[in-house]
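Inspection log for the structure reproduced underneath, given as structure tokens.
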Amino acid sequence: MNENVIDKGYEPSDVEKRWYEFWEKEQLFAAEEADNRPAYAIVIPPPNVTGVLHMGHALNVTLQDILCRYRKISGDNVLWMPGTDHAGIATQNVVEKKLAAEGRDRHQLGREKFIEAVWEWRQKYGSAIINQLKRLGASCDWQRERFTMDEGLSQAVRKVFVQLYQEGLIYRGSYIINWCHRCHTALADLEVEHEEHDGNLYHIRYPFADGTGGLVVATTRPETMLGDTAVAVNPEDERYRQIKADSVILPLMERKIPIIKDSYVDMSFGTGALKVTPAHDPNDFEIGNRHSLERIKVIGDDGIMTAEAGRFAGLDRFKCREAVVEALKAEGLLIKINPHKHSVGHCYRCKTIVEPNLSRQWFVSAKPLAQKAIAAVEKGETRIIPDIWTHTYFDWLTNIRDWCISRQIWWGHQIPAWTCSACDAVIVAMDTPESCPTCGETRLVQETDVLDTWFSSALWPFSTMGWPEDTPLLKKFYPTSVLVTGFDILFFWVARMMMMGIHFMKDVPFKDVYVHALVRDEEGKKMSKSKGNVIDPLDIIDRYGTDAFRFTLAAFAAQGRDIKMSEKRVEGYRHFINKLWNAARFALMHIQGENSRIDHRHLSLPDRWILSRLRRVTTSVAQALNGYRFNDAAGDLYQFVWHEFCDWYLEAIKPTLYNENDPKQKETTIAVMEHVLHDTLILLHPFIPFVTEEIWHKLPGTTGSLLKAAFPAPDDTAARSTPDPEAEAIMTLLMNIITGIRNIRGEMNIPPSLDLTAAVHLQDPAVLEAVRTHQGIIINLAKLGSLSIDRTAQKPRASATAIVDRATIFVSLEGIIDFAKEVQRLEKEISKLNSEFNTVAKKLNNQDFLSKAPEEVVAKVREKHKAFSDKQQKLLSHLEKVKSMGMDIR
RNA sequence: AGGCACGUAGCUCAGGGGGAGAGCGCUACCCUGACACGGUAGAAGUCCGCGGUUCAAAUCCGCGCGUGCCUACCA
């Protein structure tokens, strides 16, 4: 026995901590700037500093870690760039809440003190999410950790802003934007979440100014009528052709407003007359521009009606709605109220209903940038995987609208624009200007707005590598190899990185984009705190271990499908980890000393077989990972480790291990077992890094981390395994025979303790010889007392029969046979066979099939037909014998 | 309103034009010298429905039903 023998059950917690510290201490995650190995780079989707690890992170980070570790083991120079996002609105909200709890607010502090408070907060809590990523085993190059508000990254932000401004791609103007009254800031279109609401459609009568009658308009937001500056009808609309009046009197405000004609108006909706509120509706805004209408802002930025709202000034916007409706009723102008479903925009951060509002903001002119981002994917410079997301990507970029980038909050990159207090000139510059270049004035006022968080994230692939400096890191690792992300930020982030990367680096930011699914709860619902269906990854890790959790995520990560997290599944994979652990424990009991060498002259059949299987699983795992098919790789490894290595190989070699009479054979088999375990650990390491590293260090002759091991090369046939079809064929036949015998044992309820007598009948002399050579395997694994293998086996008098491949098996049941049971068993077998036989026979009777199907398919079916009919005949004849024997005995 | 996915064993899901798969659960028998977080065997499915293409459809196409998601300025 080896002194390395390990404990009976795998205990993750201390192992995980120990090895993570080891990897960090040994700097095994560090990328090398000066190094000629192939470069492989991933930038992490930076989690919010306010973030707490959730399932989405866990999946995202696990997949990236699998890729990075796989590449490292494959010999690449890997850079996994980590960092966090300052998450403007989200972080500001968190800190404001904290202040509120202390009875303070940001306005008391003032801008500067408030920002200081946010930095303090980040100092204190900002690394929480990083530590959580480490518990997942993330192999990021932590030395290089970045933050979007770092000096370097802020520099990049200013540079980009200034250049885009100079190129005319950033501009400032008054437009309709989405306004959140709670966050008190503009939001980009993407930051608005739409939701169906049960609302009302209010029909309001607007009297003609000339007193000849009136028309009826419909609206879902009656309070906005206070800001109406026109009523529009479609020029084609017959109903309004003959109207004499050219204007109406706006009720409640008693303001005369024109009736205009605009083809935007949908004649089929409502009355075909549209009230126009340019300051509070994006479409009305456009109409207003076409007709030079006045914009009257009646809802203030605080959600309170402005002075422009006349007697409704000072009311909350929703209170005002009620008041307006009441007032209209009183004047008899409210015709009717219909229930009406419509979608209402909400702030993605605080869920407040957003208001389209007229406001002066900064915008990025998106079209020219988007065109290049589309072209890059069309040309294949960046691949999106799975392909299905390509269409979504094109769709969005084709219909993209200008991007509102200014936010009226304090936490973020302050816009580098100054206004001259003397001549109103706007100065956009990297650094604070001394004086106004137009008039020389020194009193300059900086823009108070900050930039949308996604503005800085859009630069992440190159800003983290030191841009605008021309760094060695950029030279080596840009463009990055792959971006791994969820589809929920395809537009927010991926598309914008493409636009910015191409524009500023003249090259795409990543060659591949791997889009993974969303993790949902067991019912398929999106996990959210408000639903209370959140499964905490850290809790799962505590209870099942990181490796089991990671393996589950990988196994679930089928392309293009959402993941419904199930704890049962995690438990199943914990068992797998334990199985691996115990297989290693078994192997270590037998491995003696250092570096046993495989002597190819002494390879047994199971040795040849498992080496062949190892070769195949190595290939399939490599292919699966290269194609981002994580679940295939995980599934293949699971199957190999448990059902080939443990169930068959280790069981098959036990007699060899306990046999002292053939030391050469034993030594070779131990070497093979050790070799297979060795390579399996390497293959498994990207998925389950902790347990594999732990076992690795128990293996004699291994030095240093498993991360420095080499992935089994496909062409390394000398020391490693090669596909061996002959060994696989014989072994498969043996396994089928063994299963056949076990089946009889099980179905006949014969206790495992009882040794059986069996005979195998085989026609082909070569096959017969091969099986006879390895009969020990059958005797051992089927628990036989004796076995005979012949061309014409004598059927024992009372026996059960099975037919597998071309072998007929007789299991003697002298004294224990239950004839009725055997009849039942055979009948079941025959009926199962019959249905298969029939489908095959039907095909061969079909002329069209014979003439049109490919030759090899026909040949296969013929072969099958023959095998089925042989088997059927044999089973039927045995059934007859058993029946008659049963009669005899009775 | 458009667009996209999904519907396969009791549950969670792979697969994908030529004999229905896995894990969990279930049943029976086993504590055999790595592992009961284990072993061996077994039961279990109109592959959502209806049409079509094909020699052959769970798989491809169309329609329908159901579920989920994304995008959108119909007042």
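Just so we're on the same page: letters track the sequence lines, and every chain starts at 1.
Nucleotide B:U67 forms a Watson-Crick or G-U wobble pair with B:A5, both donor-acceptor distances falling under 3.5 Å. Using Watson-Crick or G-U wobble geometry with both donor-acceptor distances under 3.5 Å, B:G19 finds no partner in any strand shown. When Watson-Crick and G-U wobble pairs are counted only if both distances are under 3.5 Å, B:G33 pairs with no nucleotide at all.
Separating the C1' atom of B:C47 from that of B:A57 is a span of 11 Å, rounded to the nearest Å. Spacing between B:C48 and B:A9 at atom C1', rounded to whole Å, works out to 15 Å. Rounded to the nearest Å, the gap between the C1' atom of B:A75 and that of B:C65 is 33 Å. Nucleotides B:A41 and B:C4 place their P atoms 47 Å apart, quoted to the nearest Å. Comparing B:U71 with B:A58, their P atoms are spaced 37 Å from each other, to the whole Å. With both ends at atom P, the span from B:G15 to B:C6 equals 10 Å, rounded to whole Å.
Considering only residues two or more places apart in sequence or on other chains, A:Lys821 meets the side chain to side chain donor-acceptor pair (under 3.5 Å) condition with none of them. Taking A:Thr224 as the reference, A:Lys275 meet the side chain to side chain donor-acceptor pair (under 3.5 Å) condition, with sequence neighbours excluded.
Taking atom CD1 of residue A:Ile738 and atom P of nucleotide B:G39, one finds them 16 Å apart after rounding to whole Å. Separating the CG atom of A:Asp488 from the C1' atom of B:A5 is a distance of 16 Å, rounded to the nearest angstrom. Per the geometry, CZ belonging to A:Arg221 stands 13 Å off P belonging to B:C73, to the nearest Å. Nucleotide B:G3 holds its C1' atom 11 Å from the CG atom of A:Asn399, rounded to whole Å. We find that CG of A:Leu274 is positioned 5 Å from C1' of B:A75, with the value rounded to whole Å. Between A:Glu829 atom CD and B:G42 atom C1' there is a gap of 12 Å when expressed in whole angstrom units.
A residue-by-residue look at A:Ala218 and A:Trp396 shows that A:Trp396 has its nearest nucleotide of RNA chain B further toward the 5' end. Take the nearest nucleotide of RNA chain B for A:Gly746 and for A:Ala555: the residue whose nucleotide is more 5' is A:Ala555.
Heavy atoms of A:His391 sit nowhere under 4.0 angstrom from any nucleic acid atom. In this structure, A:Arg629 reaches neither bases nor backbone, as no heavy-atom distance under 4.0 Å exists between it and the strands shown. Residue A:Pro854 is classed as a base contact, given a heavy-atom separation below 4.0 Å to a base. A:Ser753 comes within 4.0 angstrom of no nucleic acid atom, judged by non-hydrogen atoms across all strands. The residue A:Asp266 sits close to a base: some heavy atom pair falls under 4.0 Å. Across all strands shown, A:Asp284 has no heavy atoms under 4.0 Å from either base or sugar-phosphate atoms. Among the protein residues, A:Lys842 comes within range of no part of the nucleic acid, since none of its heavy atoms lies under 4.0 Å from any strand.
A:Glu571 has no carboxylate O lying under 4.0 Å from a charged side-chain N of A:Arg543, or vice versa, which leaves the two without a salt bridge.
Side-chain contact check for A:Glu193 and A:Tyr348: no donor-acceptor pair (N or O, by modelled atom type) lies under 3.5 Å. Counting only N and O atoms by type, the side chains of A:Thr390 and A:Asp387 include a donor and acceptor under 3.5 Å apart.
Between A:Lys783 and B:C30 there is no side-chain polar atom (N or O) within less than 4.0 angstrom of OP1 or OP2.
If you check distances only, the side chain of A:Lys8 never reaches the base of B:C35 with a donor-acceptor pair under 3.5 Å. Side-chain N/O atoms of A:Glu747 and base N/O atoms of B:A28 include no donor-acceptor pair closer than 3.5 Å.
Although no hydrogens or angles enter the test, the distance criterion places a donor-acceptor pair under 3.5 Å between the side chain of A:Arg745 and the main chain of A:Pro751.
Ring to ring, A:His516 and A:Phe630 are not that close: their centroids are 6.0 angstrom or more apart. Between A:Tyr658 and A:His590, the ring centre distance stays below 6.0 Å.
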Would you tabulate the nitrogen or oxygen pairs shorter than 3.5 Å linking the protein to nucleotides 20-27 of chain B?
unit_1 : atom_1 : unit_2   : atom_2 : d
B:G23  : OP1    : A:His643 : NE2    : 3.4

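Checking B:A41, B:C29, B:C55 against the side-chain heavy atoms of A:Thr739 singles out B:A41 as nearest.
For the pairing with A:Tyr573, the ring-ring contact (aromatic ring centres under 6.0 Å, His included) check across A:Phe551, A:Trp642, A:Phe556 returns one residue only, A:Phe551.
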